[in-house]
Amino acid sequence: MGNVLAFGGISSLSSAADWDEFSENLTFTGICAAVWLTAYVLRTRRLLVAALEERAAGAERERAHLVRLAAVEPSCCGGWHP
């Protein structure tokens, strides 16, 4: 999608005859680039947050598993604690 917008903006700049059209096309290309960059950053951020949430859920599962193991593991002293 970004390539289509970039090449569309560049091709329209190459055919601009006067400065009014040139500045209008440059503005259009800049807006398209800003929209594309914003969408790219938001997508990357969403993927990062999803990965961090999955990592946190895995850490919670591991912690709960270790707690269960510690609860059923026999002590070395036969259950006697000073």
Side-chain angles (χ1 to χ4, degrees):
M1 175 83 173
N3 292 336
V4 172
L5 292 176
F7 289 124
I10 290 171
S11 67
S12 65
L13 279 175
S14 64
S15 64
D18 60 342
W19 287 104
D20 289 337
E21 280 187 49
F22 179 76
S23 65
E24 184 178 313
N25 288 331
L26 186 62
T27 302
F28 173 74
T29 302
I31 290 171
C32 289
V35 168
W36 177 81
L37 184 62
T38 301
Y40 183 76
V41 167
L42 290 175
R43 176 182 173 269
T44 303
R45 176 77 175 162
R46 187 180 65 233
L47 292 174
L48 174 67
V49 168
L52 289 175
E53 286 175 348
E54 179 60 33
R55 187 174 172 187
E60 285 182 31
R61 285 190 302 268
E62 182 181 359
R63 184 180 145 295
H65 178 70
L66 291 175
V67 166
R68 283 192 306 266
L69 285 176
V72 295
E73 184 176 293
S75 66
C76 64
C77 303
W80 182 79
H81 294 287

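Computed from a predicted model, the values in this text were never measured in an experiment.
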Undergrad: Which pairs count as ring-ring contact (aromatic ring centres under 6.0 Å, His included) when at least one residue sits in residues 38-71, sequence neighbours excluded?
TA: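 Sorted pair list: Trp36-Tyr40.
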Undergrad: Once you round to the nearest 0.5 Å, how far does CD1 of Ile31 lie from OG1 of Thr27?
TA: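 Interatomic distance, Ile31 CD1 to Thr27 OG1, rounded to 0.5 Å: 6.5 Å.
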Undergrad: Identify, with sequence neighbours excluded, every residue that meets salt bridge (Lys or Arg N to Asp or Glu O under 4.0 Å) alongside Glu54.
TA: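 Partners of Glu54 by the salt bridge (Lys or Arg N to Asp or Glu O under 4.0 Å) criterion, ordered by chain and then number, come out as Arg61.
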Undergrad: Report yes or no: do Leu42 and Val35 belong to one cluster of Ile/Leu/Val/Met/Phe/Trp/Tyr joined by side chain heavy-atom distances under 4.5 Å?
TA: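 Unlinked, Leu42 and Val35 end up in two clusters.
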Undergrad: Taking the side chain as every heavy atom from C-beta outward, state whether Arg68 and Val72 have any pair of such atoms under 4.5 Å apart.
TA: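 They are not in contact (no side-chain heavy atoms under 4.5 Å apart), so the answer is no.
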Undergrad: For Glu24 and Asp20, run side chain to side chain contact (heavy atoms under 4.5 Å, CB included): C-alpha distance rounded to whole Å, both residues' side-chain angles, the deciding distance at 0.1 Å, then the answer.
TA: CA-CA 6 Å; Glu24 184 178 313; Asp20 289 337; over 6 Å; no
Undergrad: With rounding to the nearest 0.5 Å, note down the distance linking CZ in Arg43 to OG1 in Thr38.
TA: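 Those atoms lie 14.5 Å apart.
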